[in-house]
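Okay, structure first, notes after.
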Amino acid sequence: MQHIEESQKSPLKWLLAIPVILIAGVFLAFAAIVGIVYLTFGENESTDEIATDFGGSMVYTISPVGEKEIPAQFIPIYKEAAAKYSIPWPLLAGEHKVETNFSSIKNMISPVGATGHLQFMPCTWVGWAHPSCKGLGLGNIPKSELTSLAVIKKLGGYGVDGDGDGKADPDNLKDAIFSAANYLSQSGASSGTTAGIRKAVYTYNHAGWYVDRVMKYMNLYASGKATAVDVGGVPNMPTGTGKGAPAIEKAIAAGMPLVGKSPYNFGGGRTQYDINRKSFDCSSFMRWIFEQGGVNLGRVDSTTTDTLVRLGKPVKPSEMKRGDLVFFDTYKINGHVGVYLGDNKVLHDGSTYGVYVNDMNHFRKVFNGVVRRVVE
(Lines give C-alpha, C1' and ligand atoms only; values in the text may rest on other atoms or scores of the structure.)
Protein backbone atom coordinates (compact mmCIF):
# COMPACT_ATOMS: atom_id res chain seq x y z
CA MET A 1 0.00 0.00 0.00
CA GLN A 2 1.79 3.12 -1.21
CA HIS A 3 -0.19 5.96 0.42
CA ILE A 4 0.97 9.43 -0.58
CA GLU A 5 -0.33 12.60 1.03
CA GLU A 6 -1.72 15.08 -1.52
CA SER A 7 0.81 17.69 -0.45
CA GLN A 8 3.63 15.24 -1.16
CA LYS A 9 2.72 14.46 -4.78
CA SER A 10 5.05 16.91 -6.53
CA PRO A 11 6.63 15.87 -9.88
CA LEU A 12 10.11 16.10 -8.35
CA LYS A 13 9.24 13.78 -5.48
CA TRP A 14 7.74 11.28 -7.90
CA LEU A 15 10.92 11.33 -9.97
CA LEU A 16 12.98 10.73 -6.86
CA ALA A 17 10.66 7.85 -5.95
CA ILE A 18 11.17 6.00 -9.25
CA PRO A 19 14.11 3.83 -8.03
CA VAL A 20 12.08 2.81 -4.98
CA ILE A 21 9.08 1.98 -7.14
CA LEU A 22 11.30 -0.19 -9.34
CA ILE A 23 12.43 -2.09 -6.25
CA ALA A 24 8.78 -2.56 -5.33
CA GLY A 25 8.21 -4.02 -8.78
CA VAL A 26 10.85 -6.67 -8.07
CA PHE A 27 9.11 -7.49 -4.81
CA LEU A 28 5.78 -7.86 -6.56
CA ALA A 29 7.28 -10.16 -9.16
CA PHE A 30 8.58 -12.33 -6.35
CA ALA A 31 5.13 -12.32 -4.77
CA ALA A 32 3.69 -13.69 -7.98
CA ILE A 33 6.13 -16.59 -7.80
CA VAL A 34 5.04 -17.54 -4.30
CA GLY A 35 1.41 -17.59 -5.24
CA ILE A 36 -0.18 -14.16 -5.56
CA VAL A 37 -1.34 -14.63 -9.10
CA TYR A 38 -2.69 -11.76 -11.18
CA LEU A 39 -5.34 -12.44 -13.80
CA THR A 40 -6.26 -9.22 -15.61
CA PHE A 41 -9.75 -8.87 -16.87
CA GLY A 42 -12.28 -6.28 -17.88
CA GLU A 43 -12.06 -3.11 -19.87
CA ASN A 44 -12.74 0.52 -19.17
CA GLU A 45 -13.39 2.50 -22.30
CA SER A 46 -13.98 5.76 -20.44
CA THR A 47 -14.05 7.06 -16.91
CA ASP A 48 -17.76 7.86 -16.55
CA GLU A 49 -18.72 4.52 -15.02
CA ILE A 50 -22.32 3.88 -14.02
CA ALA A 51 -23.01 3.42 -10.31
CA THR A 52 -23.84 -0.10 -9.19
CA ASP A 53 -25.25 -1.45 -5.95
CA PHE A 54 -22.05 -2.47 -4.17
CA GLY A 55 -23.09 -0.59 -1.03
CA GLY A 56 -21.91 -1.77 2.36
CA SER A 57 -25.49 -2.29 3.52
CA MET A 58 -25.95 -5.07 0.97
CA VAL A 59 -25.85 -8.65 2.15
CA TYR A 60 -23.14 -10.62 0.40
CA THR A 61 -22.94 -14.40 0.30
CA ILE A 62 -19.52 -15.87 -0.13
CA SER A 63 -18.87 -17.58 -3.46
CA PRO A 64 -17.46 -21.11 -3.83
CA VAL A 65 -14.13 -19.51 -4.79
CA GLY A 66 -14.25 -17.41 -1.63
CA GLU A 67 -15.03 -20.43 0.52
CA LYS A 68 -12.02 -22.19 -0.92
CA GLU A 69 -9.53 -19.30 -0.75
CA ILE A 70 -10.45 -17.08 2.23
CA PRO A 71 -9.40 -18.35 5.67
CA ALA A 72 -12.71 -18.80 7.50
CA GLN A 73 -11.54 -17.01 10.66
CA PHE A 74 -11.06 -13.75 8.73
CA ILE A 75 -14.59 -13.48 7.36
CA PRO A 76 -16.32 -12.35 10.60
CA ILE A 77 -13.68 -9.61 10.96
CA TYR A 78 -14.22 -8.41 7.38
CA LYS A 79 -17.96 -8.31 7.95
CA GLU A 80 -17.71 -6.47 11.26
CA ALA A 81 -15.33 -3.85 9.85
CA ALA A 82 -17.31 -3.47 6.62
CA ALA A 83 -20.55 -2.93 8.53
CA LYS A 84 -18.96 -0.27 10.73
CA TYR A 85 -17.55 1.68 7.76
CA SER A 86 -20.34 0.98 5.23
CA ILE A 87 -18.30 -0.80 2.60
CA PRO A 88 -18.62 -4.29 1.01
CA TRP A 89 -16.82 -6.95 3.00
CA PRO A 90 -15.55 -8.75 -0.16
CA LEU A 91 -13.57 -5.57 -0.89
CA LEU A 92 -11.60 -6.12 2.32
CA ALA A 93 -11.04 -9.75 1.37
CA GLY A 94 -9.75 -8.63 -2.03
CA GLU A 95 -7.37 -6.11 -0.45
CA HIS A 96 -6.09 -8.68 2.05
CA LYS A 97 -5.54 -11.22 -0.72
CA VAL A 98 -3.58 -8.81 -2.89
CA GLU A 99 -1.55 -7.16 -0.14
CA THR A 100 -0.27 -10.17 1.84
CA ASN A 101 -2.07 -13.22 0.43
CA PHE A 102 -4.18 -13.37 3.60
CA SER A 103 -1.18 -12.66 5.86
CA SER A 104 0.66 -15.70 4.58
CA ILE A 105 3.86 -13.98 3.44
CA LYS A 106 6.79 -14.31 5.83
CA ASN A 107 8.02 -10.71 5.78
CA MET A 108 5.17 -8.22 6.07
CA ILE A 109 7.38 -5.19 5.53
CA SER A 110 7.67 -4.24 1.86
CA PRO A 111 10.83 -2.79 0.27
CA VAL A 112 9.30 0.70 0.44
CA GLY A 113 8.32 0.31 4.09
CA ALA A 114 4.63 -0.63 3.94
CA THR A 115 3.95 -2.72 7.01
CA GLY A 116 1.50 -5.13 8.57
CA HIS A 117 -1.32 -7.37 7.38
CA LEU A 118 -2.77 -4.74 5.03
CA GLN A 119 0.51 -3.00 4.17
CA PHE A 120 0.06 0.55 5.41
CA MET A 121 2.77 3.16 5.02
CA PRO A 122 3.58 4.33 8.57
CA CYS A 123 2.75 7.96 7.76
CA THR A 124 -0.69 7.04 6.51
CA TRP A 125 -1.28 4.94 9.61
CA VAL A 126 -0.22 7.52 12.19
CA GLY A 127 -0.85 10.70 10.18
CA TRP A 128 1.08 12.75 7.65
CA ALA A 129 1.38 15.61 10.12
CA HIS A 130 4.15 13.62 11.82
CA PRO A 131 7.35 15.72 11.49
CA SER A 132 9.28 12.86 9.88
CA CYS A 133 6.73 12.20 7.12
CA LYS A 134 7.64 12.95 3.52
CA GLY A 135 8.14 11.17 0.20
CA LEU A 136 6.38 7.82 0.07
CA GLY A 137 5.52 7.95 3.75
CA LEU A 138 8.05 5.73 5.50
CA GLY A 139 8.87 8.32 8.14
CA ASN A 140 10.87 7.68 11.28
CA ILE A 141 8.12 6.80 13.71
CA PRO A 142 8.73 4.91 16.95
CA LYS A 143 6.41 1.99 17.62
CA SER A 144 5.08 3.76 20.70
CA GLU A 145 3.85 6.63 18.52
CA LEU A 146 2.72 4.42 15.63
CA THR A 147 0.29 2.52 17.84
CA SER A 148 -0.81 5.41 20.06
CA LEU A 149 -4.49 6.30 19.64
CA ALA A 150 -3.83 9.79 21.01
CA VAL A 151 -1.02 10.42 18.51
CA ILE A 152 -3.06 9.03 15.59
CA LYS A 153 -6.01 11.25 16.52
CA LYS A 154 -3.78 14.30 16.83
CA LEU A 155 -1.98 13.70 13.53
CA GLY A 156 -5.04 12.61 11.52
CA GLY A 157 -3.97 9.04 10.78
CA TYR A 158 -6.14 6.13 9.66
CA GLY A 159 -5.00 3.58 12.24
CA VAL A 160 -7.88 2.03 14.20
CA ASP A 161 -8.08 -0.03 17.39
CA GLY A 162 -10.15 -2.89 16.02
CA ASP A 163 -9.86 -5.30 18.94
CA GLY A 164 -10.30 -2.78 21.75
CA ASP A 165 -6.93 -3.28 23.46
CA GLY A 166 -6.20 0.46 23.54
CA LYS A 167 -3.69 0.42 20.68
CA ALA A 168 -3.82 0.61 16.89
CA ASP A 169 -1.18 -1.77 15.58
CA PRO A 170 -0.70 -2.55 11.85
CA ASP A 171 0.74 -5.91 12.92
CA ASN A 172 -2.50 -6.75 14.74
CA LEU A 173 -4.84 -8.46 12.27
CA LYS A 174 -8.10 -6.94 13.51
CA ASP A 175 -6.58 -3.46 13.79
CA ALA A 176 -5.21 -3.74 10.26
CA ILE A 177 -8.53 -4.86 8.75
CA PHE A 178 -10.52 -2.16 10.56
CA SER A 179 -7.98 0.45 9.51
CA ALA A 180 -8.19 -0.64 5.88
CA ALA A 181 -11.97 -0.38 6.08
CA ASN A 182 -11.65 3.09 7.58
CA TYR A 183 -9.25 4.23 4.87
CA LEU A 184 -11.26 2.77 1.98
CA SER A 185 -14.49 4.20 3.34
CA GLN A 186 -13.05 7.71 3.65
CA SER A 187 -11.50 7.39 0.18
CA GLY A 188 -14.84 6.80 -1.55
CA ALA A 189 -15.80 3.14 -1.14
CA SER A 190 -18.72 3.96 1.15
CA SER A 191 -20.48 5.57 -1.83
CA GLY A 192 -21.53 2.07 -2.89
CA THR A 193 -20.68 2.75 -6.54
CA THR A 194 -18.20 0.97 -8.76
CA ALA A 195 -16.54 4.30 -9.50
CA GLY A 196 -16.28 5.12 -5.80
CA ILE A 197 -14.81 1.75 -4.93
CA ARG A 198 -12.30 1.92 -7.78
CA LYS A 199 -11.28 5.41 -6.66
CA ALA A 200 -10.75 4.18 -3.11
CA VAL A 201 -8.67 1.21 -4.22
CA TYR A 202 -6.59 3.49 -6.46
CA THR A 203 -6.00 5.75 -3.46
CA TYR A 204 -4.80 2.71 -1.52
CA ASN A 205 -2.19 2.04 -4.21
CA HIS A 206 -1.78 4.33 -7.22
CA ALA A 207 -1.66 1.69 -9.98
CA GLY A 208 -4.27 0.62 -12.50
CA TRP A 209 -3.15 -3.00 -12.39
CA TYR A 210 -3.59 -2.96 -8.61
CA VAL A 211 -7.16 -1.69 -8.87
CA ASP A 212 -7.98 -4.37 -11.45
CA ARG A 213 -6.55 -7.09 -9.23
CA VAL A 214 -8.43 -6.06 -6.09
CA MET A 215 -11.68 -5.66 -8.03
CA LYS A 216 -11.15 -9.07 -9.57
CA TYR A 217 -10.93 -10.76 -6.18
CA MET A 218 -13.82 -8.73 -4.80
CA ASN A 219 -16.00 -10.03 -7.63
CA LEU A 220 -14.70 -13.58 -7.32
CA TYR A 221 -15.40 -13.73 -3.58
CA ALA A 222 -18.90 -12.21 -3.72
CA SER A 223 -21.74 -14.46 -4.71
CA GLY A 224 -25.21 -14.68 -3.40
CA LYS A 225 -28.88 -15.24 -3.66
CA ALA A 226 -29.36 -12.20 -5.84
CA THR A 227 -32.70 -11.53 -7.45
CA ALA A 228 -32.54 -11.63 -11.23
CA VAL A 229 -33.05 -8.30 -12.98
CA ASP A 230 -36.45 -7.75 -14.59
CA VAL A 231 -35.63 -7.78 -18.29
CA GLY A 232 -38.90 -7.00 -19.96
CA GLY A 233 -39.16 -5.97 -23.59
CA VAL A 234 -37.55 -2.80 -24.96
CA PRO A 235 -40.00 -1.07 -27.29
CA ASN A 236 -38.91 1.17 -30.18
CA MET A 237 -35.26 0.11 -29.92
CA PRO A 238 -33.51 -0.37 -33.27
CA THR A 239 -32.24 -3.92 -33.61
CA GLY A 240 -30.65 -3.76 -37.05
CA THR A 241 -31.77 -5.59 -40.12
CA GLY A 242 -31.20 -9.06 -41.50
CA LYS A 243 -31.13 -12.41 -39.81
CA GLY A 244 -28.17 -14.43 -38.66
CA ALA A 245 -27.69 -18.05 -37.68
CA PRO A 246 -30.02 -19.36 -34.96
CA ALA A 247 -27.25 -19.07 -32.36
CA ILE A 248 -26.74 -15.40 -33.24
CA GLU A 249 -30.44 -14.63 -33.05
CA LYS A 250 -30.66 -16.29 -29.63
CA ALA A 251 -27.64 -14.29 -28.44
CA ILE A 252 -29.08 -10.98 -29.63
CA ALA A 253 -32.50 -11.86 -28.23
CA ALA A 254 -30.86 -12.44 -24.83
CA GLY A 255 -29.02 -9.13 -24.91
CA MET A 256 -31.65 -6.75 -26.25
CA PRO A 257 -33.96 -6.80 -23.19
CA LEU A 258 -31.04 -5.49 -21.09
CA VAL A 259 -30.77 -2.28 -23.13
CA GLY A 260 -31.08 0.64 -20.74
CA LYS A 261 -31.45 -1.69 -17.73
CA SER A 262 -27.96 -3.05 -17.12
CA PRO A 263 -25.38 -0.50 -15.93
CA TYR A 264 -21.75 -1.07 -16.85
CA ASN A 265 -19.70 -2.80 -14.15
CA PHE A 266 -15.95 -2.80 -14.73
CA GLY A 267 -14.73 -6.34 -14.11
CA GLY A 268 -18.30 -7.53 -13.58
CA GLY A 269 -20.08 -10.54 -15.03
CA ARG A 270 -17.53 -13.04 -13.79
CA THR A 271 -19.39 -14.43 -10.78
CA GLN A 272 -22.85 -15.96 -10.53
CA TYR A 273 -23.77 -13.06 -8.28
CA ASP A 274 -23.11 -10.55 -11.08
CA ILE A 275 -24.70 -12.75 -13.74
CA ASN A 276 -27.87 -13.10 -11.65
CA ARG A 277 -28.25 -9.35 -11.48
CA LYS A 278 -27.14 -8.88 -15.10
CA SER A 279 -24.13 -6.75 -14.23
CA PHE A 280 -21.45 -6.96 -16.93
CA ASP A 281 -18.62 -5.15 -18.65
CA CYS A 282 -18.29 -5.26 -22.43
CA SER A 283 -16.47 -8.57 -22.84
CA SER A 284 -18.38 -10.48 -20.15
CA PHE A 285 -21.62 -9.23 -21.74
CA MET A 286 -20.55 -10.68 -25.11
CA ARG A 287 -19.57 -13.96 -23.46
CA TRP A 288 -22.92 -14.20 -21.66
CA ILE A 289 -25.22 -13.41 -24.58
CA PHE A 290 -23.42 -15.84 -26.88
CA GLU A 291 -23.64 -18.49 -24.18
CA GLN A 292 -27.42 -18.04 -24.30
CA GLY A 293 -27.17 -18.92 -27.99
CA GLY A 294 -25.14 -22.03 -27.23
CA VAL A 295 -21.77 -20.54 -28.25
CA ASN A 296 -18.81 -20.77 -25.87
CA LEU A 297 -16.57 -17.69 -26.15
CA GLY A 298 -14.39 -18.54 -23.16
CA ARG A 299 -14.29 -19.10 -19.42
CA VAL A 300 -16.67 -17.05 -17.33
CA ASP A 301 -13.86 -15.79 -15.08
CA SER A 302 -11.30 -14.86 -17.71
CA THR A 303 -12.93 -13.74 -20.97
CA THR A 304 -11.62 -10.31 -22.04
CA THR A 305 -11.36 -8.28 -25.20
CA ASP A 306 -7.85 -9.72 -25.54
CA THR A 307 -9.22 -13.28 -25.65
CA LEU A 308 -12.25 -12.45 -27.80
CA VAL A 309 -10.19 -10.75 -30.50
CA ARG A 310 -8.37 -14.03 -31.15
CA LEU A 311 -11.54 -16.06 -31.72
CA GLY A 312 -13.13 -16.98 -35.05
CA LYS A 313 -11.79 -15.40 -38.20
CA PRO A 314 -11.07 -11.82 -39.29
CA VAL A 315 -13.64 -10.11 -41.49
CA LYS A 316 -13.31 -6.96 -43.59
CA PRO A 317 -15.54 -4.12 -42.35
CA SER A 318 -17.19 -3.99 -45.77
CA GLU A 319 -18.22 -7.63 -45.30
CA MET A 320 -19.57 -7.40 -41.75
CA LYS A 321 -22.78 -9.21 -41.04
CA ARG A 322 -25.16 -9.64 -38.15
CA GLY A 323 -23.50 -11.43 -35.22
CA ASP A 324 -19.90 -10.40 -35.91
CA LEU A 325 -17.85 -9.04 -33.03
CA VAL A 326 -16.56 -5.51 -33.61
CA PHE A 327 -13.67 -4.01 -31.64
CA PHE A 328 -12.81 -0.43 -30.81
CA ASP A 329 -9.58 1.25 -29.70
CA THR A 330 -10.67 2.98 -26.50
CA TYR A 331 -8.36 2.92 -23.47
CA LYS A 332 -6.16 0.52 -25.43
CA ILE A 333 -6.12 -1.20 -28.84
CA ASN A 334 -9.21 -3.41 -29.07
CA GLY A 335 -10.23 -2.25 -25.59
CA HIS A 336 -13.99 -2.39 -26.23
CA VAL A 337 -16.23 -4.90 -28.03
CA GLY A 338 -19.81 -5.16 -29.25
CA VAL A 339 -21.88 -7.34 -31.57
CA TYR A 340 -22.90 -6.04 -34.97
CA LEU A 341 -26.66 -6.05 -35.53
CA GLY A 342 -26.77 -5.02 -39.18
CA ASP A 343 -28.04 -1.69 -40.52
CA ASN A 344 -24.90 -0.03 -39.10
CA LYS A 345 -25.99 -0.76 -35.50
CA VAL A 346 -23.99 -2.35 -32.66
CA LEU A 347 -25.16 -3.79 -29.33
CA HIS A 348 -22.61 -3.33 -26.55
CA ASP A 349 -22.11 -2.66 -22.83
CA GLY A 350 -20.36 0.67 -22.39
CA SER A 351 -19.45 2.74 -19.37
CA THR A 352 -21.67 5.67 -20.31
CA TYR A 353 -25.08 4.03 -20.71
CA GLY A 354 -24.46 0.38 -19.87
CA VAL A 355 -26.05 -2.07 -22.31
CA TYR A 356 -27.06 0.00 -25.31
CA VAL A 357 -27.49 0.08 -29.07
CA ASN A 358 -25.44 2.67 -30.95
CA ASP A 359 -24.87 3.54 -34.56
CA MET A 360 -21.43 2.51 -35.79
CA ASN A 361 -20.79 6.17 -36.59
CA HIS A 362 -20.74 6.74 -32.82
CA PHE A 363 -17.45 4.80 -32.82
CA ARG A 364 -15.96 6.25 -36.00
CA LYS A 365 -12.94 7.75 -34.18
CA VAL A 366 -12.05 4.49 -32.44
CA PHE A 367 -13.02 1.85 -35.00
CA ASN A 368 -9.99 0.66 -36.93
CA GLY A 369 -11.59 -2.18 -38.84
CA VAL A 370 -11.12 -5.08 -36.42
CA VAL A 371 -14.00 -7.52 -36.88
CA ARG A 372 -14.15 -11.21 -35.91
CA ARG A 373 -16.72 -13.75 -37.05
CA VAL A 374 -17.25 -16.32 -34.29
CA VAL A 375 -20.40 -17.91 -35.75
CA GLU A 376 -20.88 -18.71 -39.43
Side-chain angles (χ1 to χ4, degrees), residues 41-50 231 233-266 268-269 278-293 295 297-298 303-376:
F41 64 81
E43 53 291 304
N44 183 16
E45 66 274 12
S46 70
T47 57
D48 52 346
E49 294 172 314
I50 298 295
V231 290
V234 183
N236 303 319
M237 178 58 65
T239 60
T241 58
K243 187 174 183 179
I248 290 171
E249 294 309 311
K250 287 180 181 179
I252 293 172
M256 287 302 299
L258 296 182
V259 172
K261 297 186 177 183
S262 176
Y264 178 86
N265 176 15
F266 180 88
K278 304 300 184 290
S279 183
F280 304 101
D281 60 21
C282 72
S283 57
S284 66
F285 178 58
M286 290 297 102
R287 193 212 67 81
W288 179 78
I289 66 172
F290 273 86
E291 181 182 54
Q292 309 318 298
V295 180
L297 296 185
T303 295
T304 69
T305 54
D306 292 332
T307 64
L308 292 176
V309 79
R310 296 195 294 267
L311 300 180
K313 68 179 184 181
V315 175
K316 295 179 181 179
S318 60
E319 298 175 358
M320 278 195 303
K321 68 179 185 180
R322 188 171 170 90
D324 289 341
L325 297 181
V326 286
F327 294 83
F328 308 100
D329 296 345
T330 51
Y331 78 108
K332 68 174 185 177
I333 294 175
N334 301 322
H336 185 56
V337 63
V339 59
Y340 186 64
L341 299 177
D343 196 28
N344 212 38
K345 298 291 189 295
V346 61
L347 172 65
H348 68 116
D349 191 348
S351 64
T352 303
Y353 299 110
V355 175
Y356 211 68
V357 173
N358 280 106
D359 193 277
M360 281 290 292
N361 291 331
H362 175 78
F363 298 103
R364 63 186 181 278
K365 293 182 179 180
V366 292
F367 179 56
N368 287 318
V370 178
V371 183
R372 305 292 296 192
R373 183 162 297 158
V374 294
V375 177
E376 290 292 345

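By the salt bridge (charged side-chain N to carboxylate O under 4.0 Å, His left out) test, Asp329 is found to be paired with no residue, residues two or more places apart in sequence or in another chain being considered. Among residues two or more places apart in sequence or in another chain, the side chain to side chain donor-acceptor pair (under 3.5 Å) test is passed with Asp359 by Asn344, Asn361. With sequence neighbours excluded, the residues forming a salt bridge (charged side-chain N to carboxylate O under 4.0 Å, His left out) with Arg373 are Asp324, listed by chain and number. Partners of Val295 according to the side-chain contact (heavy atoms from CB on, under 4.5 Å) rule, which considers only residues two or more places apart in sequence or in another chain, are Ala247, Phe290, Leu297, Val375. With sequence neighbours excluded, the residues satisfying side-chain contact (heavy atoms from CB on, under 4.5 Å) with Ala254 are Trp288, Gln292. Taking the ring-ring contact (aromatic ring centres under 6.0 Å, His included) definition, one finds that Phe363 meets it with Phe328, His348, sequence neighbours left out.
Taking 4.5 Å as the limit, some side-chain heavy atom of Tyr340 sits within range of a side-chain heavy atom of Met360. Residues Val259 and Leu347 meet the side-chain proximity criterion, which asks for heavy atoms closer than 4.5 Å. Residues Arg322 and Ile252 have side chains in contact (heavy-atom distance under 4.5 Å, counting atoms from C-beta outward). A heavy-atom distance below 4.5 Å is found between the side chains of Val339 and Met286. Within the 4.5 Å cutoff, the side chain of Ile289 has no heavy atoms near those of the Met256 side chain.
With values rounded to the nearest 0.5 angstrom, Thr304 atom OG1 is found 9.0 Å from Asp281 atom CG. Between the OG atom of Ser283 and the CG atom of Asn334 there is a distance of 12.0 Å, given to the nearest 0.5 Å. Interatomic distance, OG of Ser279 versus CZ of Phe266, reported as 13.0 Å (0.5 Å rounding).
Taking each heavy atom of Gly269 and Ser284 in turn, the nearest pair found is CA-OG, 3.7 Å. What you find for Leu311 and Arg372 is that their closest heavy atoms are O-NE, 2.8 Å. Between Gly335 and Cys282 the shortest heavy-atom distance is O-SG, 4.2 Å.
At least one donor-acceptor pair closer than 3.5 Å links the side chain of Ser262 to the backbone N or O of Lys278.
Of the candidates Val346, Val309, Val326, Leu308, Leu308 is the only one forming a side-chain contact (heavy atoms from CB on, under 4.5 Å) with Val337.
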Step-by-step side-chain contact (heavy atoms from CB on, under 4.5 Å) determination, Asp306 to Lys332 | CA-CA 10 Å; Asp306 292 332; Lys332 68 174 185 177; 2.8 Å; yes
Name the atoms and distances for all side-chain donor-acceptor pairs under 3.5 Å in residues 313-320, with sequence neighbours left out.
{"unit_1": "Lys313", "atom_1": "NZ", "unit_2": "Glu376", "atom_2": "OE2", "d": "3.1"}

